[in-house]
Amino acid sequence: MSARPGLAGLAALGVALAVSGCGSFGGSVTPVRAVEFGSELAIPPLAGSSVVDGVRTFDLTAQSGTSEFLPGVETPTWGFDGPYLGPTLRAERGERVAVRVTNELDEATSVHWHGMHLPPAMDGGPHQPVAPGQTWEPTWEIDQPAATLWYHPHPHGATEEHVYRGLAGLFLLDDDASRAAVLPSEYGVDDVPVVVQDKVFDDAGRLELQHDGGEPGTLGDTVMTNGTVGAYHEVTTERVRLRLLNGSTARTYAFGFADRPFDLVATDGGLLDAPVRLDEVRLAPGERAEIVVALEPGEVTRLRSADPDLGGIAASFAMGGNDAFDVLELRAGEDLAPSPAPSWGRSRHADDGELRAEDAATVRSFELAEREINGERMDMGRVDEVVTVGDTEVWEVRNAHPVPHSFHVHDVQFRILTVDGREPPPQLAGPKDTVYLEPHRTYRLLMRFEDYTDAEVPYMYHCHMLLHEDEGMMGQFLVVEPGETA
Ligand code: C2O
Ligand code: CU
């Protein structure tokens, strides 16, 4: 294939840049190659829907196809309703939704609604596989604050591969508070989804997963946004909101700009209490952040990932800790429409009871090491934890392993009470469903299991580094009625 020399040449350039750009330590073992920012950012289309009997109904079809990420190279990929990634689903708080998920692949997959509060049988985890040729139709009511959620497959033992091949999309929720907020909100114009992923291409241009023992999984030398390598976005307003999703399988990023700060406005589960001015936000796989950045007319700047602080990991350079690279170019026009600084009143809905630590009835401990949580690998037939509906709990989570891990809990948005006994930094102070775990620190997470009992179908908690998840770093919990058992 003709692309081969070109790829090698670009990789060499990447090495040179990584070495010169990374201070005393030199390059990472997986340098990200530098690219031209010459392609317009693809914006995932908003999914169509129809309202059938009061239910907003979407269709999603998992299918295979090919994508041209690199000029002249056709790469086999998977996507929803297209060859790569999927459309953006969007719904309103209080609406009942249904999604008809059809699997046109020749192996089973599933679709999990990451960050969504919903019944376990609708969750799309490993217990809800969709066989080839089948359609699965979960339905639930949107009952949580406005947020940037996402969806992706969760088949037992194969999540990494399905996500890596391209099965992922955003699921945006709106509510009265988000509508009243002063925030850029024109989808794809000044409210821009940015799904960041890293890839490795083999000599034939196919996506390659590297299962060579490298931690925390495959770190790609090619970074793309919404499936576009080297993307730019034309900015037409004084401020732009980026909805960042780390849709990678293993890499942790530290997003920011070399020449300006930004306002962090929302984390995984929705708006913060107020905007926070930051230079950098670290996102591990599965985490989201909404940021608002200001530009002057005619300016060009780039969203980048600076070398992320992985938290006291000795061999951090081998795990992406020394990688610094540009991600997305923003090009401001000469005439920018006014766009006021972000602000909002109450971010919480009147009936969202405040989560209070003193209400916690139970404290559970989770220790992550190797590929185990509390000494066990995932077993589809074993229930690890049983929670009583209505309870507020503290989950004390610790990474006891000198390798990056993270912790994601299905069904809930949690608050991080403390990190090693101290108040969390602002980027961890909002609603979260996934958190990066620095080794040897203890994260106290506060959450409430409001409803949706099921004595048979469990929810998952797991490391969101997808190789780790597939290799067993996952457990299952049931939410039951008081007095009920598994
Ligand atoms: Cu985003 Cu259990 O997953
Ligand atoms: Cu892990």
Side-chain angles (χ1 to χ4, degrees), residues 85-86 109-118 120 122-129 147-164 167-171 195 197 211 213-219 245-252 268-269 283-288 310-311 313 316 319-320 366-374 376-378 380 384 397-414 432-441 443 457-477:
L85 295 177
T109 189
S110 84
V111 180
H112 166 58
W113 319 100
H114 180 126
M116 197 76 76
H117 174 51
L118 79 185
M122 308 298 165
D123 192 41
H127 294 277
Q128 292 90 41
T148 301
L149 308 184
W150 67 300
Y151 60 91
H152 63 79
H154 215 300
H156 186 55
T159 297
E160 182 196 32
E161 193 194 345
H162 287 216
V163 173
Y164 189 71
L167 293 172
L170 292 172
F171 201 139
V195 180
Q197 299 176 304
H211 289 162
E215 288 285 9
T218 300
L219 298 175
L245 160 65
N246 181 349
S248 303
T249 58
R251 185 184 285 282
T252 294
D268 304 336
L283 292 185
E287 290 186 292
R288 287 87 66 210
L310 298 178
I313 291 175
S316 148
M319 302 178 200
F366 298 87
E367 191 172 271
L368 286 78
E370 304 295 337
R371 298 295 190 260
E372 297 173 342
I373 302 180
N374 289 342
E376 308 241 48
R377 287 191 187 216
M378 167 73 168
M380 294 267 287
D384 298 280
V397 187
R398 188 172 172 84
N399 172 6
H401 192 206
V403 156
H405 291 298
S406 69
F407 199 71
H408 168 50
V409 187
H410 287 208
D411 181 48
V412 295
Q413 293 290 333
F414 52 75
K432 295 283 294 166
D433 55 50
T434 307
V435 61
Y436 180 80
L437 302 175
E438 296 189 357
H440 309 301
R441 292 194 192 283
Y443 294 74
V457 183
Y459 295 106
M460 306 294 129
Y461 54 86
H462 56 90
C463 178
H464 216 289
M465 304 203 171
L466 299 180
L467 175 66
H468 296 176
E469 174 187 330
D470 285 343
E471 290 186 343
M473 204 168 217
M474 177 152 65
Q476 313 195 85
F477 70 98

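Because the structure is predicted, anything quoted here is derived from the model rather than measured. As a basis for the values below, the full set of heavy atoms in this structure was taken, side chains included, without hydrogen atoms, waters or symmetry mates. Whatever order the structure lists them in is the order used to number ligands and atoms, beginning at 1.
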Peer 1: Ignoring hydrogens and geometry beyond distance, is a side-chain donor-acceptor pair present between His464 and Thr434 at under 3.5 Å?
Peer 2: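 The answer is no; no qualifying pair exists.
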Peer 1: Nearest 10° is fine: what angle sits at the Cu ion (ligand 2) between ND1 from His405 and SG from Cys463?
Peer 2: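 So the angle at the metal works out to 130°.
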Peer 1: Looking only at side-chain N and O atoms, does Thr159 offer a donor or acceptor that is under 3.5 Å from a partner on His112?
Peer 2: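 No, Thr159 and His112 have no side-chain donor paired with an acceptor closer than 3.5 Å.
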Peer 1: Does Asp384 reach the main-chain N or O of Gln476 with its side chain, forming a donor-acceptor pair under 3.5 Å?
Peer 2: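 Side chain of Asp384 to backbone of Gln476: a pair is present.
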Peer 1: Going by the rule side-chain hydrogen bond (donor to acceptor under 3.5 Å, both in side chains), which residues pair with His211 if we only count those two or more places apart in sequence or in a different chain?
Peer 2: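 Checked His211 against side-chain hydrogen bond (donor to acceptor under 3.5 Å, both in side chains); matches are Glu160.
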Peer 1: Quick check: of its N, O or S atoms, which one does His468 have closest to the Cu ion (ligand 2)?
Peer 2: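 Output for this pair reads ND1.
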Peer 1: Are His462 and His468, when compared by the centres of their aromatic rings, separated by less than 6.0 Å?
Peer 2: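 Not close enough - the centres of the two rings lie 6.0 Å or further apart.
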Peer 1: Looking at OG of Ser110 and NE2 of His156, how far apart are the two atoms once the value is rounded to the nearest 0.5 Å?
Peer 2: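 Separation between the atoms: 12.0 Å.
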Peer 1: Once rounded to the nearest 0.5 Å, what's the spacing between atom NE2 of His408 and atom CD of Glu469?
Peer 2: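 Atom-to-atom, His408:NE2 and Glu469:CD are 8.5 Å apart.
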Peer 1: Sorted by chain and residue number, which protein N/O/S atoms are under 2.8 Å from atom 1 (Cu) of ligand 1?
Peer 2: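 The answer is His114 ND1, His152 NE2, His464 NE2.
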